[in-house]
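Data first, discussion second: the structure below is written as structure tokens.
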There are 2 protein chains.
Amino acid sequence: MAYITYPAAGDAKTPANPAANQLSLRGSFAEFGAKAQVFGAHDVIFYEGDPAKRLYELAQGTVMLFKLLPDGRRQVVEVLRPGDIFGLANQNEHECTAETLTGAHVHEIDLKQIEGSPDLQRKLTKCLMAQMQVLHEHAVLLGRKSAVERVASFLMYLVPERGGVGCPGPSDEENDGYDLHLTMTRQEIADYLGLTIETVSRVVSDLKRRGIIRIDRADRIHLTKVCRLCQMTGIH
Amino acid sequence: MAYITYPAAGDAKTPANPAANQLSLRGSFAEFGAKAQVFGAHDVIFYEGDPAKRLYELAQGTVMLFKLLPDGRRQVVEVLRPGDIFGLANQNEHECTAETLTGAHVHEIDLKQIEGSPDLQRKLTKCLMAQMQVLHEHAVLLGRKSAVERVASFLMYLVPERGGVGCPGPSDEENDGYDLHLTMTRQEIADYLGLTIETVSRVVSDLKRRGIIRIDRADRIHLTKVCRLCQMTGIH
DNA sequence: CGCCTGGTTGACCAGAGTCAAACCTCGTGG
DNA sequence: CCACGAGGTTTGACTCTGGTCAACCAGGCG
């Protein structure tokens, strides 16, 4: 049996954000004659500094946006899910690089086309507001949380319906588990969380030692106590 | 002679962002019958968790948005300037608190009114894209920069026309100075930069010792070598 | 079978946080 | 007019979290 480290689009993580998925169905770029593009895992969609002419809507898969400092330090600024829109540029240059984490389907659409369509404008605004909120939360994580809190927050972010303000708590106290498939390497996680690869690894090992998670392969994590993990995110 | 620590709206910092100011003139909320509001320094415009019904456009002064963790840790997620729009909420609750730093003039407008106006939609989109870019840069600062780089970046952010990608460099090598008026306390700066008040103070003292800045009152800083400071931001 | 990549672990170090004390500046009231 | 107090700021001594550097490990592939 052959495992692939970075599964093609449509992997287990896709349904993690059903709301975003719905969003992408109603008033999707596709309905407006957007060009569909398919990317492999770890393909660059555009580089920081590239001329920005169109907008992209992620239809399937996962994409990350990152920025680099001249000495090579990297910060992943967003991890996108199906339904998210990216590639907006204030000036006419992209201010960050977009790279796929998994295989991905992307719809491209012209900026001018959006300006002309109130429907697309509305969809865009809604999406931007949601992303803004995520960026705010991420600023709190980067500016104020400890390493453990960052990793816990990251893992909780991958569990649908849990960890948010309206978290229902464990439905079954005894059986509060969840299976995760990581589409990011330790380096990518570290660059997203503002940590080093070693620190991420140490924290993960520590969670394992404490029985909060279980790992057999580096990219598959079983959370045994979701609620317990959630209490380590710093938001409780 | 009476000094006021937090000058009323229309202080020296207002013209720092002429582009944003222009933006606020063309297609301003005011033209669409928005209600004008005046706030004093350190007034709260809305709290995290308040019901979100309208949008706000900052016309004059400075406003910060911040989020709190339950144990009191605070992260300032945005510092807004005239022309910026805030108060957007994904759900129907504000996800952060908005507090004025100086006296401020704010235009309020109903969400529904925006949905109906393509002009406002366009303006909103443009503003959101600009803010997004600032948030991305801030993520790099919080995730990857050292204390000195953070403070240097912060100070450069207050110098108009300098430090960006299209920085013209010093127009006059010998006389590359700039006078700043800080509208934020050390605590607010620390919470914006993801540092402690002591670290900010130490870094500032160090810059002073090295002759890069000069300070007579805590909220007035003279940068003696802008280009030199810029080279400490980590982006060169 | 051995290399290569990504991940883990350990020892050590440094940058930033914590705690505490001293210091200004400004406003208030005797 | 000066003493006092409150807030915000600065400085020092010490601690600790997370970074650095290096060795080691495991799985996948040629």
Side-chain angles (χ1 to χ4, degrees), chain A residues 1-7 41-42 69 71-75 101 141-154 182-210 213-221 232 234, chain B residues 1-7 41-42 69 71-75 101 141-154 182-210 213-221 232 234:
Chain A
M1 184 177 192
Y3 281 116
I4 41 171
T5 312
Y6 299 98
H42 293 274
L69 289 174
D71 62 0
R73 281 176 285 179
R74 183 172 77 159
Q75 179 63 46
L101 291 170
L141 181 145
L142 293 174
R144 290 297 176 215
K145 289 193 183 176
S146 71
V148 192
E149 287 170 338
R150 291 181 202 207
V151 173
S153 301
F154 173 71
L182 290 186
T183 55
M184 298 166 84
T185 65
R186 293 290 186 273
Q187 185 63 65
E188 285 155 357
I189 296 172
D191 286 346
Y192 182 52
L193 300 181
L195 299 170
T196 59
I197 195 171
E198 293 96 332
T199 301
V200 172
S201 187
R202 266 186 261 273
V203 171
V204 167
S205 296
D206 196 53
L207 291 175
K208 197 162 56 178
R209 224 167 290 128
R210 291 158 68 178
I213 62 177
R214 227 175 29 227
I215 304 184
D216 19 284
R217 268 195 18 248
D219 63 334
R220 288 220 158 272
I221 297 188
M232 305 173 72
Chain B
M1 187 179 198
Y3 282 115
I4 42 170
T5 313
Y6 299 98
H42 294 273
L69 290 175
D71 61 2
R73 280 176 286 179
R74 182 173 77 158
Q75 179 64 47
L101 291 171
L141 181 145
L142 293 173
R144 288 299 176 213
K145 289 193 184 177
S146 71
V148 192
E149 288 170 336
R150 291 181 202 206
V151 173
S153 302
F154 173 72
L182 289 187
T183 55
M184 297 167 85
T185 65
R186 293 289 185 275
Q187 185 63 65
E188 284 155 358
I189 295 171
D191 287 346
Y192 182 53
L193 301 180
L195 299 170
T196 59
I197 195 172
E198 292 96 331
T199 301
V200 171
S201 187
R202 266 185 262 273
V203 170
V204 168
S205 296
D206 195 53
L207 291 175
K208 197 163 55 179
R209 224 168 290 127
R210 291 160 67 178
I213 63 177
R214 224 173 35 226
I215 304 183
D216 20 282
R217 270 197 13 251
D219 62 337
R220 288 221 159 270
I221 296 188
M232 306 175 71

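Per chain, numbering begins at 1; letters A, B, ... match sequence-line order. Values below: every heavy atom of this structure, side chains too, minus hydrogens, waters and symmetry copies.
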In whole Å, I'd like the distance from the [atom1] atom of [X] to the [atom2] atom of [N].
X: B:E188; N: D:dT9; atom1: CD; atom2: C1'; value: 14 Å
X: A:H42; N: C:dT5; atom1: NE2; atom2: C1'; value: 13 Å
X: B:E198; N: D:dT9; atom1: CD; atom2: P; value: 12 Å
X: A:K208; N: C:dT8; atom1: NZ; atom2: P; value: 6 Å
X: A:R73; N: D:dT20; atom1: CZ; atom2: P; value: 10 Å
X: A:D216; N: D:dA26; atom1: CG; atom2: P; value: 15 Å
X: A:D219; N: D:dG28; atom1: CG; atom2: C1'; value: 13 Å
X: A:R144; N: C:dT18; atom1: CZ; atom2: P; value: 9 Å

Of the candidate nucleotides [options], which contains the atom at the shortest distance from the side chain of [X]?
X: B:T199; options: C:dG7, C:dT9, C:dG17; value: C:dG17
X: B:S201; options: D:dG18, D:dT11, C:dG7; value: D:dT11
X: A:S146; options: D:dG18, C:dA20, C:dT8; value: D:dG18
X: A:R202; options: C:dT9, C:dA16, D:dT10; value: C:dT9
X: A:I197; options: C:dC19, D:dT20, C:dG7; value: C:dG7

Between the side chain of A:E149 and the main-chain N/O of A:M232, is any donor-acceptor distance below 3.5 Å? no
Ignoring backbone atoms, test whether A:T196 places a side-chain nitrogen or oxygen under 4.0 Å from the OP1 or OP2 oxygen of D:dG19. yes
Using 0.5 Å steps for rounding, measure from the CZ atom of B:R220 to the CD1 atom of B:I215. 12.5 Å
Where is the tightest heavy-atom contact between B:L195 and A:R144, given as atom of each residue plus distance? O-NH2, 2.8 Å
I'd like to know if B:D206 pairs up with B:R202 as an ion pair, taking the criterion as any Lys NZ or Arg NE/NH1/NH2 lying under 4.0 Å from an Asp or Glu carboxylate oxygen. no
Output, in order, the C-alpha distance, side-chain angles, deciding distance and verdict of side chain to side chain contact (heavy atoms under 4.5 Å, CB included) for B:L69 and A:K145. CA-CA 9 Å; B:L69 290 175; A:K145 289 193 183 176; 4.3 Å; yes
Reckon B:S205 touches a base, only the sugar-phosphate, or nothing at all at heavy-atom distances under 4.0 Å? sugar-phosphate
